[in-house]
Amino acid sequence: MTKKDIILKVSDDTGIKQIDVKKVVQKTFDCMVEALARGEKIELRNFGVFKIKQRKSRTGRNPRTGETVPVPPRKVVVFKSGLDMKKLVK
């Protein structure tokens, strides 16, 4: 499912114009990205939690040459699904 699919579904189910739904959906995603960039946790009840996790530096390997290379520490976004989502997906 793409963002466009979500917009079409919400528009069809609510009767709201697609352009208005698109603005709301995009603003929602923008707010989520901004919050994660500030290091905040996003908790959506019955859906899940998005948060930033710090990965440690490690030694990796170039698959072409087999040479070991240092991989610097970095931040990644992680998602943990909520209980309701877990039940529905099983």
[Y] side chain reached by [X] side chain, heavy atoms, under 4.5 Å:
X: Val49; Y: Lys41; result: yes
X: Lys3; Y: Gln26; result: yes
X: Val25; Y: Val10; result: no
X: Thr2; Y: Ile6; result: no
X: Ser57; Y: Pro73; result: yes

If every non-hydrogen atom of [X] is compared with every non-hydrogen atom of [Y], which pair is closest and at what distance?
X: Leu36; Y: Ile52; result: O-CG1, 3.4 Å
X: Val76; Y: Arg55; result: CG2-NE, 3.4 Å
X: Met32; Y: Ile42; result: O-CD1, 3.3 Å
X: Lys17; Y: Ser11; result: C-OG, 4.0 Å

>> Please evaluate residues Met85 and Asn46 with respect to the criterion side-chain contact (heavy atoms from CB on, under 4.5 Å), reporting the C-alpha separation (whole Å), side-chain torsions for both, the decisive distance (0.1 Å), and the verdict.
In response: CA-CA 7 Å; Met85 183 186 290; Asn46 302 321; over 6 Å; no

In one Ile/Leu/Val/Met/Phe/Trp/Tyr side-chain cluster, 4.5 Å: [X], [Y]:
X: Val77; Y: Phe29; result: yes
X: Met1; Y: Val21; result: yes
X: Val89; Y: Phe79; result: yes

> If you measure from CG on Leu83 to CG on Leu88, what distance do you get to the nearest 0.5 Å?
Replying inline: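 Separation between the atoms: 11.0 Å.
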
>> Distance check, rounded to the nearest 0.5 Å: Lys80 atom NZ versus Lys51 atom NZ?
In response: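 With rounding to 0.5 Å, NZ (Lys80) is 7.0 Å from NZ (Lys51).
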
> Would you call Asp5-Lys9 a salt bridge at under 4.0 Å N-O?
Replying inline: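 Salt bridge between Asp5 and Lys9, a charged N being under 4.0 Å from a carboxylate O: no.
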
>> Under the criterion side-chain contact (heavy atoms from CB on, under 4.5 Å), I'd like the reasoning laid out for Leu8 against Gln18: C-alpha separation, chi angles, the key distance, then a yes or no.
In response: CA-CA 7 Å; Leu8 291 172; Gln18 286 182 26; 3.1 Å; yes

> Does CZ in Arg45 sit with more than 12 non-hydrogen atoms of other residues, nucleotides or ligands closer than 6.0 Å?
Replying inline: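 12 or below, so no.
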
